[in-house]
Amino acid sequence: MRPGGLNAALIPIGDWQLALAVILVLLAGGVSAAFNLGLLRSLAWGTVRAFLQLTIIGYVLVYIFRWNDPWITGGLLVLMGTVAAWTAVGRAPTRGVLGAKERGAQDRTPARFLLARRCPVIHLSPLAPLSLVSLLSSTFLVAAIVVGLVISPHPWYSPRVLITITGMIMGNSMNAIALAWERLHSDVARSRREVEALLSFGATPWEAVADSARLAVRAGMLPTVNTLAVVGLVTLPGMMTGQILAGADPREAVRYQIVVMLMITAATALGCLLMVALSYRRLFTADGALAPETGPEKTAR
Amino acid sequence: MRPRRLTPNGTEGIICLMETDGGEFFAFRDITCRIGNPPRRIGASASLVAGGVLAIKAPSGAGKTTMLRTLARLHPHLSGEAWLSGRSWRTFPPSLWRRRVILVGQEPARFHGTLGENLERPFRLGAVKREVVFNPAQARALLEASGLSPDLFDQDARLLSGGEAARMALVRALLLQPDVVLLDEPTASLDHGAAEAVCRLLAAWLSEGPPRAAVLVSHAGDEARFPLVTTLSLPPGEPA
C-alpha cells in the first residue's frame, strides 16, 4: 500500500453532487425531444436503471468480495453472461430467421421452455441461445487466459479480479456480437439476388453467404480495432481512468490497460466468429434455400 | 407417367424411379407451392424428353416465377416430386439438385468485378470445382453466340445494361453444364435480334452434348423458336 493509503487521491462524490449529474440527462432528453427521436422513454428508463443497477451492484460487490467464494463468483459471472447475451440480440432484426419449429426441429431448449412457455411476457429471440454460446465461450476462454496466466491473482478466483475483468470483456463482446449479427442479416437481405444465384450454381448455404459473413465479422471487430489504434491518443479508457482517479500510478494503470485492450480484441474476434458461424444457418430452410422474408420486422422500441 | 416405388438392395429408404418407357428426361408431378397474399396453393405436373423445352403459360401473378423457384428448390414445396433422368429429387442433396437444375432468374445477379469475373465466380464453389473448369475461350464463344461482343469481358458487371446482364447470366449458367436450365423471362430485356440470337444459342445447346432440357417462362412467345416444345398452362390455384 502506498503511503497515505490506497484512496489518497480518490475524491468522493456526495449525494447532492450525484443528483446534479441528472442535469446531463435532461440535456440528452432535450435533444431527443427537439428532433423527435422517440428516445425519451428509453432515456428516462435507462437512467433509472443505471442508477438502480449500479447502486445495487455496488452493495452486492462489497458482499461478494467479503465472501470470496468461487461458486458465488461463478454464479454471478454466468448471470452477467446471460443478461449480456440476451441484450445483444434482444433488439436484433429477426425477419427471415427461422425458429426451431419452422426448421422442422423439436423445440426442446430448456431456456425456451422455461421462459417462453411459463412466462409468455418475456420475448426470447430465436438467436438468444446462439448469442449465449458465443458470448460465454469467447469470454470465458479469454478470461481464463488473462486471469490464469497474465494477472494470476491469489486465490485464482479472486472476485475483485475475475468479475471486473470478465465484465469488461462481456460488455465489448455483447456489442460486437450484436453488430456482427446485424451486419450479417442486413447484408444477406441486401444481396438476396446474389445469394440465391450462388445457391442456384450449387453453393452450400455457407458458400452462398461467405462474403456477407466476412463483412459481418469485420463489422463486429471494427470498433475494437479502431479503439486499439487511438487508445491513449484520443481515448483514455474507463478502467485506466478509474485506476488513476483512485490514486494508482499511471504507469501501472497503463500496463493493466494494455492487457485489457488485447483481451477485448481477442474476445470480440472469437465472439463474432462464433456468432456468425452459429447463426447463418438460421437464414436458410431445411432445404438449404434462403428463408422467405415473411412476418413483421421487429424493430427497436 | 406412373412412378414406381422400388427398394434397391443396399440402399436406405425408398428411391422412386420413373418408368422409362416414355423416355422422360426431366419430370415433375403434382408439385404444389404456396404463393401470394392471401396465400393460394398452385400445382402442376409435366414431363420433358431430352432436348425438349417446357413453356409455362399463365397470366401475370399466377405464380410462374414461384413455380420455377420451386423446381429449383429455392422455394418450399408443399407436396409433389421431381425427377431428373429417373432419379427423384429426394435422393439429391438440395445443393446438388440446384447445381444440376439451374435457375436463371429474371433479375440477373451481378457480383463484384468484371463480366469475365462474373462468369468465373461459380467455379470457386466446391460443387462446381469438382466437375468442371472455367474455360475462357468457351465463355467468349458463348458470349458471342448470345450476341454480345467479347470486348465486354473486361467491363465492370455493374455497368452492363439490362439486356447485357441477362445474357451474361444465361452464359454463366450454360458454362456450368447443367442438365436443366430454368429460364425466367430470358429475353424480356432484349430487342428482337438479340432475342433471336439467345434462342438460337439455347436451341444449339439443347441439341448438342449430353441430354439436356429447358423450362421457359416467357411473355415474348420465345417457345415458338424451339422444335420440341411442350406447353404447360398453370391453373389458377385454390386458397390455402
Side-chain angles (χ1 to χ4, degrees), chain A residues 94-106 126 183-219 277 280-297, chain B residues 33-35 37 39 66 68-77 89-90 92-112 118-132 157-158 165 168-169 172-173 175-178 180-184:
Chain A
T94 52
R95 191 185 167 90
V97 174
L98 296 186
K101 215 181 274 176
E102 291 131 311
R103 284 178 302 132
Q106 282 283 318
R183 177 59 62 90
L184 179 70
H185 184 269
S186 66
D187 199 66
V188 169
R190 187 184 59 78
S191 53
R192 271 187 91 81
R193 198 186 294 164
E194 283 71 29
V195 171
E196 291 210 316
L198 286 172
L199 289 174
S200 300
F201 304 146
T204 59
W206 175 251
E207 284 176 317
V209 296
D211 287 342
S212 303
R214 207 168 300 135
L215 283 179
V217 175
R218 197 187 134 83
Y280 82 92
R281 201 66 180 74
R282 296 295 175 104
L283 297 167
F284 292 88
T285 64
D287 239 8
L290 210 48
E293 281 184 313
T294 49
E297 178 63 276
Chain B
C33 55
R34 189 177 288 126
I35 64 158
N37 191 20
T66 308
L68 278 192
R69 287 169 51 81
T70 308
L71 288 174
R73 288 174 83 166
L74 284 170
H75 186 84
H77 63 282
W89 68 358
R90 293 180 205 186
F92 283 86
S95 63
L96 194 61
W97 175 265
R98 285 190 282 263
R99 192 249 168 285
R100 307 290 357 145
V101 181
I102 292 189
L103 173 75
V104 181
Q106 192 170 0
E107 300 281 342
R110 305 170 193 227
F111 299 98
H112 265 294
N118 264 264
L119 297 181
E120 203 174 347
R121 179 68 179 85
F123 291 85
R124 298 199 332 235
L125 304 172
V128 176
K129 230 187 317 190
R130 277 193 294 275
E131 292 179 19
V132 281
R158 285 167 200 249
M168 168 186 84
R172 187 165 55 194
L175 281 172
L176 302 179
Q177 301 176 11
V180 178
V181 281
L182 309 170
L183 304 164
D184 196 356

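Proteins come first, then strands; the chains are lettered A, B, ... in the order of their sequence lines, and each starts at number 1.
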Could you look at [X] and say if it's the side chain, the backbone, both or neither that has a heavy atom under 4.5 Å from chain A?
X: Arg172(B); value: side chain
X: Pro93(B); value: neither
X: Leu96(B); value: neither

Distance, nearest 0.5 Å, that separates CG of Leu74(B) from CG of Asp287(A): 9.0 Å
How many angstroms lie between atom CG of Leu198(A) and atom CZ of Arg98(B), to the nearest 0.5 angstrom?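 The CZ atom of Arg98(B) is 11.0 Å from CG of Leu198(A), to the nearest 0.5 Å.
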Where is the tightest heavy-atom contact between [X] and [Y], given as atom of each residue plus distance?
X: Ile102(B); Y: Ser200(A); result: CG1-O, 3.5 Å
X: Ala127(B); Y: Gly202(A); result: CB-O, 3.5 Å
X: Arg121(B); Y: Asp211(A); result: NH2-OD2, 3.7 Å
X: Arg124(B); Y: Glu207(A); result: O-OE2, 4.4 Å

Test side-chain contact (heavy atoms from CB on, under 4.5 Å), reference Glu107(B), set Glu196(A), Arg192(A), Arg193(A), output is Arg193(A)
Can you pull the ring pair (Phe, Tyr, Trp, His ring centres under 6.0 Å) pairs that have at least one residue in residues 190-211 of chain A, sequence neighbours excluded? Trp206(A)-Tyr280(A)
With sequence neighbours left out, write down each residue that passes salt bridge (charged side-chain N to carboxylate O under 4.0 Å, His left out) with Arg218(A), or none if nothing qualifies. none
